[in-house]
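For reference, the structure is listed below as structure tokens.
The chains referred to below are lettered A, B, ... by the order of the sequence lines, with proteins before strands, and numbering in each begins at 1. Not measured: the values here are computed from a predicted model.
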Amino acid sequence: MGENLVIVESPAKAKTIEKFLGSGYTVKSSFGHIRDLSKKNLGIDIEKGFEPDYLISEDKKKVVAELKALAKKAGMVWLASDEDREGEAIAWHLQEALGLEAAKTKRIVFHEITKDAITNAIANPRNVDMNLVMAQQARRVLDRLVGFELSPVLWKKVKPKLSAGRVQSVALRLIVEREREIQQFAAKSQFKVEGVFHPAGSDDSALVQAEVTHRFDNEKEALDILEKSKGAQFNIAAVEEKESKRTPPPPFTTSTLQQEASRKLGFSLSQTMRSAQNLYEAGFITYMRTDSVNLSKMAISAAKQSITELYGKEYSKTRQFTTKSKGAQEAHEAIRPTFMSNLTIEGSAQDKKLYNLIWKRTIASQMADATIMRTQITIASNSLDHDFIATADRVAFDGFLKVYMESRDDDQAEEEKEFTLPALRPGQQMEPQTIKAVEKFTQKPPRYTEASLVKKLEELGIGRPSTYAPTISTLTQRGYMVKDNRPGQERSFREHTLTAGKITSKTKKETWGTEKNKLFPEDIGILVNDFLVENFGPVMDYNFTAKIEESFDKVAEGKVVWNKLIADFYKPFHKMVDETLTVSRPTNAERILGTDPATGKTVLARIGRFGPLAQIGDNDDPDKKFMSLAKGQLIETITLEEALKLFELPRSVGEYKGSDITCAIGRFGPYLRYNGKFISLGKENNPYTIDLETSILLIEAHFAKEAQKQIKSLPEIGAEILNGRFGPYIKIGKDNYKIPKGTDPATLDAQTVKEIVEKSSKTGKPKKNGK
DNA sequence: CAGTGAGCGAGCTTCCGCTTGACTT
């Protein structure tokens with residue numbers, strides 16, 4: 001047993017550090033926070049100056065007991081939790097919970113895991129900074145007060161089990177307000193004029209694509225350009241070439257990693273974090289929950305060496321980035337490979353892809369600027385008021401672009417493609433091949449993705465690297481929002497083309513507004529948001545966190561006493577809670593949509609016991625009818641026609657072989673019901689209009705497929721051998737069993753199946769067919 | 001993959017941040 005006990009937060013970190021420190025040091029991990037406010041009640045004694053009631057967390061009792069025993073034997077305990085507010089608090093809680101003597105305890109910090117940093121830390125110990133600890137306590141107490149006073153208001157006024165909090169409620173507000181911006185957005189029609197030219201007298205191989213930068217608000221103006229272009233003389237008015245530099249983006253933080261993994265690899269937040277955790281635990285990357293873009297000296301020089309070896313000296317340029325994001329605590333390095341010389345790693349396909357992304361981003365951050373030559377050609381005509389402009393970018397020196405290019409969020413952003421322009425000189429005559437006036441529509445604001453929401457939260461200084469992914473999953477779990485795909489809508493646009501002196505006009509169709517993996521608010525989320533914004537404005541303010549963080553900083557500097565800060569916040573806040581509770585009317589979004597032409601009754605949409613619904617008849621009408629709203633429909637935006645349409649289903653399609661066929665929309669989309677079976681309609685068929693003939697075809701196709709699924713039937717033991725998604729398997733009643741490798745499923749008999757079932761029930765338990 | 005849409009009313013729900021497993025499917 002070592003003389004010295006070092007306690008860090010993460011077990012993976014403990015392992016590495018133990019190697020650096022060698023004999024005489026035992027390094028253990030606390031696995032994060034070990035104590036927290038009591039969960040049973042508020043955990044805060046408001047009367048006694050907001051005194052916190054700390055308890056050792058249930059899942060940490062074992063760790064604490066172990067650390068306590070080790071601390072007793074150690075000559076010196078080194079508290080080496082992270083160098084930030086939370087880390088300081090962990091150190092203090094350890095000191096308290098382990099009962100450490102002051103003379104036997106030292107606090108050390110390092111924000112990179114290198115031998116130098118660690119030995120340096122050991123040589124420069126300090127005491128626990130109580131101002132910083134109290135700043136954390138203020139943060140913790142405030143979050144508990146907000147969360148545990150607001151949530152019960154929602155239970156009473158809206159629905160049980162809902163939640164509200166400083167971070168999640170503002171994130172929800174972003175989603176709801178963006179949705180409203182989109183609903184209120186009216187696309188404006190504009191005309192874009194573009195032309196394809198070639199030098200006069202030359203063949204068509206030297207084509208130049210150019211466009212008029214001005215957008216025309218009406219069709220007439222745009223057509224006018226085409227008219228004037230008929231027989232017009234065009235020539236090159238200017239050829240300009242400009243050089244520009246592009247610098248690489250900084251290495252990854254949690255937030256930028258989540259964004260790029262989402263854009264480039266299509267990973268969800270949780271996929272990214274799970275994969276990063278794997279890489280971290282395997283020792284391939286540094287810590288994955290960080291807000292810092294800092295790289296250690298060692299990493300920078302390793303990157304320099306790799307770049308020089310792989311691409312040459314001219315590609316290397318060492319850089320140190322500085323963190324700009326609000327409220328960053330910078331306890332760790334940026335996310336980077338532990339060894340830059342590892343170009344690839346062993347692991348799952350997902351882990352490999354993520355590692356590759358991290359490697360490229362880190363390497364790129366230490367590479368030279370790219371030099372881009374932009375050529376701009378102006379084509380003008382005396383007959384026209386507007387010039388045509390052609391631009392082309394040429395990479396003169398690729399620099400960091402050799403390995404990495406950052407992606408962008410806006411899905412409509414045009415691909416940056418490189419095309420070359422033919423060599424042209426001013427004054428040269430040009431001939432138009434075609435000139436087009438195309439109708440374009442202004443773009444609505446984009447819906448958030450998980451990753452772009454994180455980006456926004458980080459900009460506002462709301463939430464921390466360890467909470468981005470959990471916050472977003474909480475909003476989903478509460479039913480406040482969904483990550484979803486939505487089909488686009490069709491719209492027509494006008495296009496006029498001038499070719500060979502003749503103008504042709506067409507109306508074309510395009511699909512717009514297709515959404516993939518975007519965040520949509522649900523009715524309950526909209527309701528909760530509006531309720532919170534109306535009654536708790538100050539807490540729902542986008543700047544609330546930023547402002548309160550300034551106060552926490554003052555506590556950390558020793559300028560403000562923590563519970564004075566809390567008292568100042570709590571008094572007006574609690575008053576808002578009390579006042580809201582005395583407003584007796586429970587909140588329920590209800591919208592009158594109009595009158596049902598068939599019955600003359602009122603049609604309305606509201607939230608019912610089981611979610612949003614459409615209703616024909618007033619609430620006190622004993623014969624009122626209900627239908628749940630369909631996926632994608634909101635109380636706020638559903639129309640009378642859409643609501644009435646809901647009542648057309650389920651619909652009888654007809655009869656086939658003596659059984660009824662009905663059609664309806666379920667959780668997984670439209671389906672046919674026939675003899676107790678559900679048959680999906682697919683995208684091509686409309687549940688409101690599908691006819692008997694098409695339905696029969698679908699049913700027949702379904703049965704044909706079912707038959708194919710079956711390999712063998714063993715009725716004597718009630719077993720069936722089926723072809724499933726993961727290959728053949730045995731099905732008995734509701735239980736499924738794997739077939740051992742190397743067995744041909746077609747040769748299975750009752751006896752062998754029995755044996756397989758017996759064996760598998762010994763190892764695994766039969767699957768429960770529950771939720 | 002339906003249909004439910006309600007004054008008997010227990011006991012429960014919930015926050016943010018720091019960390020990993022221990023569980024199934």
Is there a donor-acceptor pair closer than 3.5 Å between any side-chain N or O of Thr467(A) and the backbone N or O of Arg464(A)?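 At least one qualifying donor-acceptor pair exists.
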Interatomic distance where [atom1] belongs to [X] and [atom2] belongs to [N] [whole Å]:
X	N	atom1	atom2	answer
Ile524(A)	dT14(B)	CD1	C1'	15 Å
Lys156(A)	dG9(B)	NZ	P	18 Å
Ile665(A)	dG3(B)	CD1	P	13 Å
Phe647(A)	dG3(B)	CZ	P	13 Å
Asn619(A)	dG7(B)	CG	P	14 Å
Gln477(A)	dT13(B)	CD	C1'	13 Å

The contact string for nucleotides 15-23 of chain B, one letter per nucleotide 5' to 3', using protein heavy atoms under 4.0 Å with B, S and - for base, sugar-phosphate only and none, comes out as BBBBBS---
Listed partners of [X] passing ring pair (Phe, Tyr, Trp, His ring centres under 6.0 Å), at least two apart:
X	result
Phe536(A)	none
Tyr54(A)	His93(A)
Phe50(A)	Tyr570(A)
His702(A)	none

Qualifying residues under side chain to side chain donor-acceptor pair (under 3.5 Å), relative to [X], sequence neighbours excluded:
X	result
Asp82(A)	Lys13(A), His332(A)
Asn563(A)	none
Asn485(A)	none
Asn535(A)	none

Toss me the dot-bracket line for DNA chain B: Watson-Crick and G-U wobble, both under 3.5 Å, 5' to 3', using | for pairs to another strand and [ ] for crossers. .........................
Over 12 non-hydrogen atoms of neighbours within 6.0 angstrom of NZ in Lys601(A):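 Counting other residues, nucleotides and ligands, NZ of Lys601(A) exceeds 12 neighbours.
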Taking only residues at least two apart or on different chains, which pairs with a member in residues 535-544 of chain A satisfy salt bridge (charged side-chain N to carboxylate O under 4.0 Å, His left out)?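 Checked against salt bridge (charged side-chain N to carboxylate O under 4.0 Å, His left out) - neighbours excluded - no pair reaches residues 535-544 of chain A.
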Is there any protein nitrogen or oxygen under 3.5 Å from a nitrogen or oxygen in nucleotides 4-6 of chain B, and what are the pairs?
{"unit_1": "dG5(B)", "atom_1": "N2", "unit_2": "Phe610(A)", "atom_2": "N", "d": "3.4"}
{"unit_1": "dG5(B)", "atom_1": "N2", "unit_2": "Gly611(A)", "atom_2": "O", "d": "3.4"}
{"unit_1": "dA6(B)", "atom_1": "N6", "unit_2": "Arg609(A)", "atom_2": "NE", "d": "2.1"}
{"unit_1": "dA6(B)", "atom_1": "N6", "unit_2": "Arg609(A)", "atom_2": "NH2", "d": "2.6"}
{"unit_1": "dA6(B)", "atom_1": "N1", "unit_2": "Arg609(A)", "atom_2": "NE", "d": "2.0"}

